[in-house]
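For reference, the structure is listed below as C-alpha cells.
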Amino acid sequence: MSTPYNTTTKINDLLENIGQVLDITQAQHELVEQRYTAVANQLSQDGSKLSVYKPEILPQGSFLLGTMIRPIMEEDELDVDLVCRLTGKENNWAQIDLKHEVKDQLVDNNEDYKRMLDEEGNRCWTLIYSGDKFHLDILPALVGNNNHINLSERSYSNLDKTDLENISLRITDRREDNYKTETNPALWLKSNPFGYAAWFKERSNVDTLRTVLLNESVTPLPGYKKVKDPLVRVVQILKRHRDIMFGGDDQKPISIIITTLSAKAYNKETNVIDALINILNTMHLYMKEVYSTKHDKNIWWISNPVNEEENFADKWPTEPQREENFFSWLEKARSDFEALQSMDPSTAYRILKNILGTRAVNEAVRNLGYDELINENLKPINYSAQMLSASHRARPLWNLNLIYYCNISGVYKDVTDGNKRKNITTSTILPKGCFLTFRAMDTNVPKPYEVYWQVVNNGEEAMNKDCLRGGIFKAKTAGSGGLIYTDATAFTGLHWVECFIVKNGVCVARSSEFFVNIR
C-alpha cells in the first residue's frame with residue numbers, strides 16, 4: 001500500500017520544485033530592487049515639481065503576489081509592474097498632465113533613463129534594461145481618499161468598502177475619453193492592486209486562522225521567498241502551462257483571470273497536486289453568465305474580488321477568440337494534470353516535459369535527485385539547462401496548442417562495426433562522419449498534418465566555422481510524411497534535434513530535445 005503514496009508524493013515534490021524553478025532567482029529579485037529604488041530616488045528628488053506629492057514606487061501584479069515566472073527563453077525579458085503613487089496633484093492636471101509630469105521627472109538630467117525609455121504605453125511608462133533582461137512598467141497614479149489609515153493589524157476579511165476605497169488608486173489611461181480633459185480624479189479609472197494583493201495573500205494562506213496584515217501587502221518589494229504557499233505554486237504552474245500551450249499568442253488566457261479563479265477555487269489544500277486538481281475542477285464555478293445590455297446577449301463575468309463592478313473578462317464579448325482559448329486551455333489543463341494522479345513518476349515526467357517545458361522539468365528533477373525518472377535518451381553527460389537558451393535557436397513559428405504528443409528516437413550507422421545501425425542513447429558518443437536517422441513515429445496526432453524539424457548545434461568548432469544551426473524547416477522527403485529526418489555528424493559538441501507537428505497553422509505537438517553528443 002506504500003507505493004501509491006510514494007508515487008503521489010514524488011509527483012507532488014516534482015510539481016513543487018518545478019514551481020521553484022519557474023520562479024525568478026534571488027539575484028534577479030535583488031537586481032530589480034536596486035533598479036526600482038533608483039527610479040524611486042529619481043522621481044522623489046528634493047525640489048522637483050513632484051516631490052511635494054511624495055511619489056513612491058511600489059510593486060504590483062505578479063511581483064507583489066509572488067506569482068511571477070521566468071520567461072520560457074532565457075533571452076526574453078522579465079516584465080515587472082510598478083506603481084508611481086502620488087498623494088496629490090495640481091488642480092488643473094488631467095490624466096495626460098500627471099502622466100507626462102512623471103515622465104519628465106523620470107528623465108530629468110538622467111541620460112540613462114532617456115535612452116532606456118520606451119514608447120508611451122496606454123497606462124504606463126516603460127524603462128527597458130536590455131543588459132539585465134527585464135523592463136519596468138511604471139504606472140502613474142494618485143492615492144485614494146486617505147491612504148494613510150492604520151490597517152496594519154486587520155485582515156482582509158475585516159476590511160469594509162471604505163477601507164478598500166482608501167487604499168485604491170486613480171490611474172491614467174490614454175484610451176479614456178476624458179484623458180486630456182478631466183481634472184477630477186474621482187472620475188478617472190480606479191484600480192486597487194494593494195487591496196487585491198491583500199485578498200490574494202489571505203486566500204493563499206494555508207492556515208486560515210493566521211491574520212494577513214495589510215501593510216505586508218503594500219510593502220515595496222516583498223522579501224525574496226524560496227518556499228511559497230501551494231496556491232502560489234499552482235498559479236505559477238498554470239501560467240507556464242498556458243505559455244507552453246499558446247506561445248506568444250496575444251489572445252491567450254490572461255494571468256489575472258487564471259490567478260483570480262485559482263484563488264477563489266483554492267480550498268486550503270496543503271500540497272500542490274491536490275490544490276491543482278481541485279482548482280482546475282472548480283474554478284468555472286466562480287464565473288457567471290450575466291445579461292449585458294451593451295452587447296444585447298449573455299456574457300461571462302469574472303469579477304475583481306475587490307471591485308465587483310470590474311469584469312476581468314470584459315474583452316471576451318468583442319474578442320471571442322479569448323473566450324474560446326480560455327475554455328480550450330482549461331479543458332486541456334484538467335486533462336493533463338488529472339492524468340498525473342494515476343501515472344508512475346517516469347511517465348509523469350515525460351508528460352510534464354511536454355506541458356511545462358523540458359528545461360524547467362529537468363532542472364527540478366536534478367534538484368530533487370530524481371535522476372532515475374529520466375529514462376529516455378534525453379540526458380547527455382555534459383547537459384546544462386542554460387544551453388537550451390542558445391541565442392541562435394529559433395523560436396516556434398506558430399501559435400502553440402499542444403494537445404497531442406510527439407517523441408523522437410534516433411539511430412546511427414557505426415562505421416567501426418560494419419555500418420550497423422545502433423540506437424543513440426544518453427551515453428552515446430558519436431564521431432564525425434556518422435549518418436543519423438531520427439524518427440518521430442511515436443505521436444498521436446491525427447492526419448493530415450505538416451511536420452517541421454529544428455536542428456541546433458553548438459560548440460566552438462561550429463562557431464569558428466560560422467556553421468551554428470538553429471533554424472526550423474519543413475520536412476521534405478525523408479519518409480513517413482516527414483516524420484523521419486536524416487543528417488550526419490560534422491562538428492564536435494552537444495547538439496539536438498526537435499520535431500514540431502502542425503495542423504491548420506497551429507503547432508499541436510512538440511517533441512522534447514533529442515541530444516546528440518559528438519566528440
Side-chain angles (χ1 to χ4, degrees), residues 71-73 75-76 239-253 319-336 339 350-361 376-378 388-410 436-457 469-487 495-516:
I72 295 177
M73 303 298 290
E75 69 268 18
D76 288 347
K239 286 166 65 174
R240 177 47 48 91
H241 182 276
R242 180 264 327 263
D243 292 343
I244 293 290
M245 181 172 174
F246 290 99
D249 188 345
D250 290 337
Q251 294 192 318
K252 63 188 177 184
E319 300 180 44
Q321 189 63 48
R322 291 181 181 272
E323 178 181 332
E324 181 179 335
N325 286 348
F326 172 81
F327 286 108
S328 295
W329 166 77
L330 181 56
E331 180 180 1
K332 185 173 188 299
R334 284 173 176 167
S335 174
D336 287 340
R350 181 179 67 80
I351 297 300
L352 286 169
K353 286 196 287 82
N354 288 335
I355 63 177
L356 297 178
T358 300
R359 181 167 60 87
V361 176
E376 303 169 82
N377 301 329
L378 295 171
L388 297 182
S389 300
S391 60
H392 56 282
R393 179 186 190 180
R395 301 185 185 189
L397 308 170
W398 326 266
N399 290 331
L400 303 180
N401 187 6
L402 303 178
I403 57 177
Y404 303 105
Y405 65 78
C406 172
N407 296 304
I408 299 175
S409 61
L436 310 174
T437 301
F438 302 99
R439 298 174 178 269
M441 308 296 288
D442 182 16
T443 181
N444 63 343
V445 182
K447 294 181 179 180
Y449 50 71
E450 295 177 320
V451 179
Y452 290 78
W453 290 86
Q454 182 175 38
V455 178
V456 181
N457 61 11
R469 298 168 66 188
I472 297 174
F473 52 90
K474 189 174 182 179
K476 297 181 180 178
T477 59
S480 296
L483 291 174
I484 298 176
Y485 170 70
T486 60
D487 208 326
H495 319 294
W496 71 85
V497 296
E498 196 171 355
C499 183
F500 304 84
I501 301 181
V502 177
K503 286 179 71 73
N504 301 318
V506 176
C507 180
V508 295
R510 177 182 185 177
S511 74
S512 299
E513 298 87 350
F514 187 95
F515 290 97
V516 177

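No hydrogens, no waters, no symmetry mates; every other heavy atom, side chains included, goes into these values. On a predicted model such as this, the values are computed, not experimentally measured, just so you know.
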Is there a side-chain contact between [X] and [Y] (heavy atoms, below 4.5 Å)?
| X | Y | value |
| --- | --- | --- |
| Ile472 | Glu498 | no |
| Asp487 | Val497 | no |
| His241 | Trp329 | yes |
| Ile484 | Thr437 | yes |
| His495 | Arg469 | no |
| Phe246 | Asn325 | yes |
| Cys499 | Phe514 | no |

*Passing option when Tyr452 is tested against Phe473, Trp398, Tyr485, Phe500 for ring-ring contact (aromatic ring centres under 6.0 Å, His included)*: Trp398
*asked:* With a 6.0 Å cut-off (strictly less than), is the heavy-atom count around CZ of Arg439, excluding the residue itself, greater than 12?
replied: no
*Is the count of non-hydrogen atoms from other residues, nucleotides or ligands lying under 6.0 Å from Glu319 atom CD greater than 12?*
yes
_With sequence neighbours excluded, residues passing salt bridge (Lys or Arg N to Asp or Glu O under 4.0 Å) with Lys332_ = Asp336
*For Arg242, what residues pass the salt bridge (Lys or Arg N to Asp or Glu O under 4.0 Å) criterion, not counting sequence neighbours?*
none
*Residue list, side chain to side chain donor-acceptor pair (under 3.5 Å) with Asp243, at least two apart or on another chain*: Lys252
